[in-house]
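Just below is one structure, and these are the notes that go with it.
All ligand and atom numbering here is 1-based and tracks the order in the structure.
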Amino acid sequence: MSSSGHYTALSHSSDDLVDDDNKKQYTLSYTIDNPYPRLFFWACIVSILSSLVSLVLLIPGSGNRYNINNVPRVPPNKPMRRPNQYMGLDKVFAGRNHTEPFPPLVGFPSVLMQIKRSDPKREMREDERGHRSPVGFIYPDDRHFIVSSETSTIAQFRHLDYGMERCQLVIKIPKPTDILDPAIQLPGPSVIDIWTLDSPDELSPYTIWDYAPIRKSLFVSLNISEAGEATSPRFLCPSGLFSTFEFVCSGAQSCLVDFWQNKEAPHGGVHMVQYDSLIGEGL
Ligand SMILES: *[C@@H]1O[C@H](CO)[C@@H](O)[C@H](O)[C@H]1NC(C)=O
Ligand SMILES: *[C@@H]1O[C@H](CO)[C@@H](O)[C@H](O)[C@H]1NC(C)=O
């Protein structure tokens, strides 16, 4: 734009916008040191080399440790472990004076499943109380606990929270509430054996749901009656791990303990109480 204030027509082509000096520079840099063919050449070399490396890595049995077949895989029926949620808390609590114990926690089994006593393969099933209703089929969260001459029950608990590693198993006959009909069958006191099972892993529908784990040891025998609750001795329950139990009629005796429980109707049924383990020694 000229400073004299005269009207200047707008140019029609972009070339016209470049003044002569710029045009010269542009042409110069293009011709003096023309880098593009060389850059292109090296780009080709690098890309060919990289393709060769990828091919070598993919050839099976080429004996190098990046062989894709050597990548460790999780076996299909090996459940994933849950991550530790309490990383570093042990360091926070170490050496602290915590004189009031934390109040106990109540945990309900994540699964309650049934096996036939006569089945050597210990195939598990999960009884449920699904029923038709005016709004469709309903599956309440009720879990079946049954110990009889024919049937045993498997329960798995996840150890909750940090520093609550003193555990105790409790069997208390549930009371009927407006959300739970426990349908109790307990003709008289029954003595049941509680076995610990060899299952450090989570029983879940996606992994080892099919067969009950093998028995590890007889933990305790409890006399179950309608009055009061039966409690096991305390045991160590490391945070984040699982305890798995099998409940069977004691010895060759016949027995019958049969009820439904629901964690929304608390303190009834089979549950676990966890006590503070940061205070004192032992269990
Ligand atoms: C913990 O408390 C005891 C007495 O109650 C005291 O002797 C000790 O020094 C305290 N320790 C720490 C780390 O505060
Ligand atoms: C179980 O408890 C009942 C009463 O609660 C008692 O009469 C019975 O003898 C006990 N059975 C055993 C084997 O301890």
protein heavy-atom neighbour closest to atom 9 (O) of ligand 2 works out as N223 ND2, 4.7 Å
Determine, counting only non-hydrogen atoms of the protein, whether one lies under 4.0 angstrom from atom 11 (N) of ligand 2.
yes
Closest to atom 4 (C) of ligand 2 by heavy-atom distance, out of S190, S221, P189, is P189
Hits for side-chain contact (heavy atoms from CB on, under 4.5 Å) against R117, two or more places apart or cross-chain, chain-then-number order -> S152, C249
Are R215 and D198 close enough for a salt bridge, meaning some N to O gap below 4.0 Å?
no
Inset, instruction - For residues F145 and F247, establish whether the separation of their ring centroids is below 6.0 Å. - result: yes
query = Are L222 and L169 side-chain neighbours, meaning at least one heavy-atom pair lies under 4.5 Å?
reply = no
- Ring-ring centroid check F102 Y275, cutoff 6.0 Å: no
Of all protein heavy atoms, the one nearest atom 5 (O) of ligand 2 is S225 OG, 3.8 Å
One finds that the ligand 2 atoms under 4.0 Å from a non-hydrogen atom of V191 are 13 (C)
